[in-house]
**Q** 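I am attaching a structure below and will ask some questions about it afterwards.
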Amino acid sequence: MHTPDGLRDLHARTHRNLADLIAHCRGLEAGALDRVLEGFGDGTVRLQIHHAITAERYWVGVIHGRVDVREDQNDYPDPDALESLRQEVFTFTDGYLAGVAPDALNSARDMTTWGGKVRSLVPAQIVLRTATHIYHHMGQLAAMCRILGHPVLQGVNYPISTRR
C-alpha cells in the first residue's frame, strides 16, 4: 500500500530533478529550445518539457473527475514560463496528496479519461505513472541537450539520497 507521505516524497524528488533540468535548459543557445529534432515525439526541448508537465496535470485532473486536455504550449515560450507551469502542477498534485486518505489513494474506482472512456484506476498508480513519465522524458531531454551541444547536467536520475 502506498502512503500519501511516500508519494509526496517521490513527487518532490521528481520535480526537483525536473526543475534542475529546466534550469539547465536556460543555457541552450538562442533558438535551440524550439529546434526540431527527429525521433523525439514532441520534437523540441520546449515541447518535451511542456508535455511531461501537462501529462501530470491531465492525469491528476482525472483523479479529480476532470479531463483537462488544454493545448496551451504556446503560453509557455521559455524556461521561465515552463518553470512556472511546473510549480503550478507540482502544487496541484502535492495538494491532492496532502489531503487524500490512504484508503482512497490505494482503492480502484471508475474514472473518466480522454474520449469519455471509463476505466477502473487506482490514484496511487496514476501518481506513480506521472513520475515515471517525467523521468522518461528527462532521458529524452538529456539526449536532446547532447545533440544540441549542451550536455545535460549530472543528477537527473531519481535521487536515492535525501541530501540535495
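One-based numbering along the sequence shown.
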**Q** Considering only heavy atoms from C-beta outward, does the side chain of Val45 approach that of His150 to under 4.5 Å?
**A** no

**Q** For Thr93, which residues count as a side-chain hydrogen bond (donor to acceptor under 3.5 Å, both in side chains) partner, sequence neighbours excluded?
**A**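 Once residues adjacent in sequence are excluded, the partners of Thr93 under the side-chain hydrogen bond (donor to acceptor under 3.5 Å, both in side chains) criterion are Glu56.
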
**Q** According to salt bridge (Lys or Arg N to Asp or Glu O under 4.0 Å), who are the partners of Asp75, at least two apart in sequence or on a separate chain?
**A**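 Salt bridge (Lys or Arg N to Asp or Glu O under 4.0 Å) list for Asp75, sorted by chain: empty.
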
**Q** Decide whether Leu141 and Phe90 are clustered together by the hydrophobic rule: side chain heavy atoms of Ile, Leu, Val, Met, Phe, Trp, Tyr closer than 4.5 Å, transitively.
**A**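 Cluster IDs for Leu141 and Phe90 differ.
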
**Q** Please identify each residue that fulfils side-chain contact (heavy atoms from CB on, under 4.5 Å) with Glu38, with sequence neighbours left out.
**A**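 Counting only residues at least two positions away or on another chain, Glu38 forms a side-chain contact (heavy atoms from CB on, under 4.5 Å) with Val36.
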
**Q** With side chains defined as the heavy atoms from C-beta onward, is the minimum distance between Asn74 and Arg46 less than 4.5 Å?
**A**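 Touching, per the 4.5 Å side-chain cut-off.
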
**Q** Is His50 reaching over with its side chain to a backbone N or O of Pro77, donor-acceptor style, under 3.5 angstrom?
**A** no

**Q** May I ask whether Leu47 and Tyr58 are part of the same hydrophobic cluster, defined by side-chain heavy atoms of I, L, V, M, F, W, Y residues being less than 4.5 angstrom apart, directly or through others?
**A** no

**Q** Can you find a heavy atom in the side chain of Asp5 that is under 4.5 Å from one in the side chain of Asp9?
**A**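 In short, these two side chains do not touch, never coming nearer than 4.5 Å.
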
**Q** Quick one, Leu148 and Leu37 - any side-chain contact, counting heavy atoms below 4.5 Å?
**A** yes

**Q** Can you find a heavy atom in the side chain of Met1 that is under 4.5 Å from one in the side chain of Leu105?
**A** no

**Q** List, one per line, each side-chain donor-acceptor pair under 3.5 Å for residues 109-127, sequence neighbours excluded.
**A**
unit_1	atom_1	unit_2	atom_2	d
Arg109	NH1	Ile63	O	3.4
Arg109	NH2	Ile63	O	2.8
Thr113	OG1	Lys117	O	3.3

**Q** Can you tell me how far apart NE2 (His137) and CG (Leu21) are? Round to the nearest 0.5 Å.
**A** 12.5 Å

**Q** Drop me the distance from Glu83's CD to Asp78's CG, to the nearest 0.5 angstrom.
**A**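 Atom-to-atom, Glu83:CD and Asp78:CG are 11.5 Å apart.
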
**Q** Rounded to the nearest 0.5 Å, what separates atom CZ in Arg86 from atom CZ in Arg16?
**A** 10.5 Å

**Q** Could you check whether any side-chain heavy atom of Gln140 comes within less than 4.5 Å of a side-chain heavy atom of His51, counting everything from C-beta outward?
**A** no

**Q** Which residue in the set Pro151, Cys145, Pro79 passes side-chain contact (heavy atoms from CB on, under 4.5 Å) when paired with His24?
**A**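 For His24, the side-chain contact (heavy atoms from CB on, under 4.5 Å) test succeeds with only one of Pro151, Cys145, Pro79, which is Cys145.
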
**Q** Measure the CG-SG distance between Asp20 and Cys25 for me, rounded to the nearest 0.5 Å.
**A** 11.0 Å

**Q** Which atoms form the tightest heavy-atom contact between Leu85 and Arg57, and what is the distance?
**A** CD1-NH1, 3.8 Å

**Q** On the 0 to 90° scale, with breaks at 30° and 60°, tag the Tyr96-His64 ring pair as parallel, tilted or perpendicular.
**A** perpendicular

**Q** Between CG of Leu128 and NE2 of His2, what distance do you get to the nearest 0.5 Å?
**A** 4.5 Å

**Q** Taking side chain as C-beta onward, heavy atoms only, is Arg70 less than 4.5 Å from Thr54?
**A**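 SC-SC contact between Arg70 and Thr54 ruled out.
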
**Q** Any donor and acceptor pair, going by atom type alone, linking the side chain of Thr132 with main-chain N or O of Arg129 inside 3.5 Å?
**A**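 Present.
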
**Q** Any heavy-atom pair between the side chains of His15 and Ile134 that's under 4.5 Å?
**A** yes

**Q** Return the set of residues passing ring-ring contact (aromatic ring centres under 6.0 Å, His included) with Phe40 (not counting sequence neighbours), or none when no residue passes.
**A** none

**Q** How would you list, by chain and number, every residue that makes a side-chain hydrogen bond (donor to acceptor under 3.5 Å, both in side chains) with Glu88, sequence neighbours excluded?
**A** none

**Q** Measure the spacing between CD1 of Ile53 and CG of Leu18 and express it to the nearest 0.5 Å.
**A** 5.0 Å

